[in-house]
Amino acid sequence: AEALADFFDVGLLVSLSADESISVRKASVASVALLLRLCPVPRICELWRRNVLPLVLDAEASVAERAVDELEAAVIAPLAEQQPRPASKGAGDGKRLSLRMPVVFGGIDSEAMEYLQRGMKIVAKRNEGQLPKGFLLALGQAVKECAGPLPLREWPVAVWFMLEEAIASGSGCPGLDFDTVLDAWIQFSKLNAAGTTVGLGTNILHVLEQMIPSAPTKRMDELVGSLGSALSGHTAPPSLMRAMMSVIECVEATWKSKRLYAERAKDRAAWRANFLKSIQASLAEAVRGDAPQGAPAAKRLEASLFALGELVLLDSSIVSEGILTQVQTIATNTVYKDGQRVELGAAVRGQAFAALGKCCLKKEALAKKSVELLVVHLNAGECFVVRNNVLIALGDLCMHYTSLVDRFVPSMTLLLRDSNELLRKQAAMTVASLLSEDFIKLRGSILLRFLYVLSDPSDAVRNFTECVFARILHQRNSSMFAQSFLDVVCALNGWSGLAQFRSAEGNEDFSLVKSPGRRVMIYRFMLTMMSSEQKFNVCAQIVTTLLAAFVDAEEAAELPRTTGEPAGQTLSDGLSLLCCKEMRICFTTQRAGQDDDDVEGAGGGGAGGAGGEKAGADAARAMLSSILKRNMCENIVPVLVQLKTLMEAKHSPFLRQLRSCLREILRDFKDDLQVMLSGDPQLAAEIAYDLQKERDGGGGGEAPRPS
């Protein structure tokens with residue numbers, strides 16, 4: 001199987017799954033699914049999870065349907081077809097799960113499981129809101145075996161994800177009751193005393209939460225007591241604490257709806273008060289510098305800060321000046337004891353900033369006083385955890401109080417060029433979220449900086465940003481790239497020599513003047529998203545605004561002397577862009593001819609119809625050729641010839657690139673060179689000679705790239 005898997009180009013299959021063509025994406029789904037059936041090795045399973053499972057949410061219904069078919073074949077059918085069997089014994093390790101899990105579950109992560117849940121929802125819609133009964137019975141059997149108990153390593157995390165979706169969708173789970181799931185949670189709590197399997201515990205709590213409204217009340221007190229004890233001890237990991245508090249809220253809401261809360265109200269209020277007091281005591285101990293040192297104490301303080309933030313979101317009245325002072329002291333690392341600063345860990349400070357951000361969400365006055373404090377801690381001198389949590393907090397505040405945070409958005413976008421890949425991705429996701437929901441506008445420095453991410457060294461960051469542009473931002477404003485193209489060229493090269501294009505000022509950190517390869521990535525993406533008409537406009541801008549600026553009779557920009565300076569790189573990019581393959585449509589009638597030939601071939605009628613279409617195609621080709629020729633003669637060639645003369649006079653290092661550019665854009669007009677270059681017959685003869693030499697030699701050279 002491994003040998004067979006090595007035979008296939010996995011990278012090609014990955015790219016095909018994201019292809020623009022609907023038929024190609026459908027074929028890629030079928031190919032990867034077939035490959036999975038033939039060689040279910042870990043590498044191919046990962047390929048399936050990354051490139052088939054996400055397509056259940058494809059914008060094209062037929063692609064999504066095909067992906068859902070493969071989801072049913074690879075996950076749902078194998079579980080549904082299994083017959084219940086007793087749990088098997090391991091080789092001295094106790095029981096093992098009797099069910100055979102689908103091969104694609106090995107190494108599955110949370111992102112893939114989210115797609116799995118979405119796919120299950122679509123499968124249920126196909127079957128009148130119900131999932132296959134055999135599949136649900138298999139999930140129920142797995143849960144019962146977990147409560148049996150099984151060793152924790154045998155607990156199938158994906159089963160709990162699927163069970164959560166099954167119950168939420170209304171399919172239920174035949175033979176599985178609330179008591180069994182609660183027993184599984186209690187068993188998990190015992191086996192996971194070290195807190196190493198947090199994600200699984202969160203899934204179990206989510207399942208319990210879904211079952212609570214319809215569950216019997218006899219064991220609710222036991223559940224609440226178990227969760228309350230874990231929370232009061234400040235030993236649970238933060239992600240598990242959120243799920244615990246959510247379950248408690250759900251239980252209390254259920255009691256209220258069934259009029260059972262009154263008899264428990266006093267006890268619940270006392271528990272909340274004691275819980276808050278224990279949090280305050282933990283914070284006070286840390287602020288005094290009396291907290292014990294070591295990892296356990298730090299984990300306890302992190303849990304206290306996280307719990308405080310969650311309580312504030314539920315009830316903002318608990319926020320007092322004393323609590324805020326304690327949180328800010330911990331966040332800013334200003335704890336002193338006996339005149340010496342007590343250094344706090346990065347994770348503790350990160351949780352403190354998260355708690356402060358949640359307090360700000362509930363109190364606008366506090367947000368106004370604290371926003372600058374948050375922004376200050378985005379600086380590069382801070383640790384990753386602090387900067388990441390501050391960024392998230394500012395993003396949330398921007399959604400609640402847009403006018404308050406708007407002036408600090410440039411500080412947030414600075415992180416798009418940070419050295420930490422994870423922080424860059426977090427910044428890109430935060431900015432993308434704000435842009436997609438119109439909390440901030442894509443213009444000025446925000447546009448330039450977000451375009452900068454299109455050249456990010458990380459594939460994950462770059463691909464995410466490309467998707468945001470292609471699927472959200474460009475669909476809202478299809479002319480965004482054409483309108484800003486020349487400004488982007490100047491800014492990426494750090495050149496502000498054109499009066500109307502000065503985006504480089506204030507964005508010096510986002511200059512790519514020394515990274516031509518990264519500039520090419522941005523230009524290529526922008527050009528591929530443009531229509532032919534927009535490319536014509538961009539071409540005209542490059543010639544009449546950028547290149548003409550160096551030969552303007554009144555206010556000419558100084559011709560750069562070296563290729564490395566910002567002006568030189570900008571000029572080089574302008575010449576390279578004119579003759580790149582993406583801009584070729586501006587100087588050739590070949591594509592029009594190809595389109596006309598396609599129309600002629602598709603006509604398929606009688607001889608008279610074919611002849612009429614051919615005549616129309618010839619007429620269209622002749623008209624387009626005439627328009628292009630006129631545009632070249634009047635607007636493009638004169639500027640380039642003047643620039644060539646200036647470069648010759650100043651012995652410019654760009655002269656060779658300019659001649660190459662002229663040769664490329666005049667390639668389809670070789671029979672009209674004497675007319676187009678009537679003012680310079682020597683140049684016309686030289687270009688004609690170069691083109692003839694290329695033709696005799698069997699092909700021309702590649703157009704130069706930015707240097």
Side-chain angles (χ1 to χ4, degrees), residues 11 15 18 20 416-417 424 428 447-470 473-474 480-495 498 501 503-504 507-532 534-539 541-543 545-547 560 562-588 653-654 656-665 700-707:
S15 64
E20 293 181 0
L416 293 171
R417 59 171 301 278
R424 294 200 306 274
L447 172 60
L448 170 66
R449 294 178 180 193
F450 208 46
L451 284 169
Y452 174 93
V453 189
L454 291 171
S455 68
D456 195 276
S458 166
D459 290 343
V461 178
R462 187 173 63 253
N463 292 341
F464 169 78
T465 309
E466 288 179 356
C467 287
V468 172
F469 270 116
L473 303 177
H474 186 261
M480 59 185 297
F481 293 139
Q483 292 172 344
S484 60
F485 192 84
L486 198 52
D487 199 16
V488 170
V489 172
C490 294
L492 290 178
N493 285 291
W495 187 55
L498 296 181
F501 300 114
S503 289
N507 291 299
E508 291 81 5
D509 290 338
F510 290 84
S511 169
L512 292 173
V513 67
K514 295 182 179 180
S515 305
R518 294 184 63 178
R519 298 200 305 271
V520 168
M521 295 169 70
I522 298 173
Y523 299 153
R524 181 170 291 129
F525 179 85
M526 295 176 75
L527 289 172
T528 54
M529 300 296 291
M530 293 184 198
S531 65
S532 298
Q534 290 171 341
K535 289 180 181 179
F536 275 106
N537 292 335
V538 167
C539 174
Q541 272 193 329
I542 291 173
V543 174
T545 303
L546 174 59
L547 301 184
T562 63
T563 57
E565 61 186 287
Q569 290 290 290
T570 306
L571 174 58
S572 177
D573 282 4
L575 295 173
S576 297
L577 285 163
L578 286 179
C579 54
C580 70
K581 65 179 182 179
E582 289 82 6
M583 295 287 279
R584 186 68 182 151
I585 190 175
C586 302
F587 309 106
T588 181
F654 300 96
R656 181 176 180 180
Q657 188 177 1
L658 175 60
R659 291 175 62 88
S660 177
C661 177
L662 271 168
R663 183 175 67 249
E664 289 300 319
I665 67 175
E702 182 183 353
R705 299 164 68 87
S707 58

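Between the CG atom in L575 and the CD1 atom in I542 there is a gap of 9.5 Å [rounded to 0.5 Å]. For the atom pair CD1 of I522 and CG of L512, the computed distance is 5.5 Å after rounding to the nearest 0.5 Å. In this structure, OG on S503 lies 6.0 Å from CG on L448, to the nearest 0.5 angstrom. Atoms CZ and CG, on F481 and L473 in that order, are 7.5 Å from each other to the nearest 0.5 Å. Interatomic distance, CZ of R462 versus CG of L454, reported as 9.5 Å (0.5 Å rounding). If you take CG on L498 and OG1 on T545, they are separated by 7.5 Å, rounding to the nearest 0.5 Å.
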Discussion item. Walk me through whether L578 and L547 qualify under side chain to side chain contact (heavy atoms under 4.5 Å, CB included).
Written reply: CA-CA 11 Å; L578 286 179; L547 301 184; 3.7 Å; yes
Do C580 and R524 pass the side chain to side chain contact (heavy atoms under 4.5 Å, CB included) test, and can you show the C-alpha distance, the side-chain angles, and the key distance before you say yes or no? CA-CA 9 Å; C580 70; R524 181 170 291 129; over 6 Å; no
For E582 and T528, what are the C-alpha separation, side-chain angles and deciding distance, and is it a side-chain hydrogen bond (donor to acceptor under 3.5 Å, both in side chains)? CA-CA 7 Å; E582 289 82 6; T528 54; over 6 Å; no
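In this structure, the side chains of V538 and M526 stay at 4.5 Å or more apart for every pair of heavy atoms. Taking 4.5 Å as the limit, every side-chain heavy atom of S515 sits out of range of all side-chain heavy atoms of M521. Annotation: side chain of L546 is not in contact with side chain of L571 (no heavy-atom distance under 4.5 Å). In this structure, the side chains of S455 and R519 stay at 4.5 Å or more apart for every pair of heavy atoms. Between M530 and L527 the shortest side-chain heavy-atom distance falls below 4.5 Å.
The two residues I665 and R584 come nearest to each other via the heavy atoms CA-NH1, 4.2 Å. For M583 against L577, the heavy-atom pair with the smallest separation is CG-O, 3.1 Å. Taking each heavy atom of D509 and R417 in turn, the nearest pair found is O-NE, 2.8 Å. What you find for A482 and Q541 is that their closest heavy atoms are O-OE1, 3.9 Å. In this structure, A470 and M529 approach most closely via the heavy-atom pair CA-CE, 3.8 Å. Across every non-hydrogen atom of Y452 and L416, the tightest pair is CE2-O, 4.2 Å.
For R449 (side chain) and F510 (main-chain N/O), no donor-acceptor pair under 3.5 Å exists by modelled atom type. Distance alone, capped at 3.5 Å, places no donor-acceptor pair between the S572 side chain and the G568 backbone. In this structure a side-chain-to-backbone donor-acceptor pair under 3.5 Å is missing from S660 to R656. Between the side chain of Q657 and the main chain of F654, no donor-acceptor pair closer than 3.5 Å is present.
Put simply, the residue from P566, P560, S511 that forms a side-chain contact (heavy atoms from CB on, under 4.5 Å) with W495 is P566.
Note: F469 and F450 have tilted aromatic rings, judged against thresholds of 30 and 60 degrees for the angle between ring planes.
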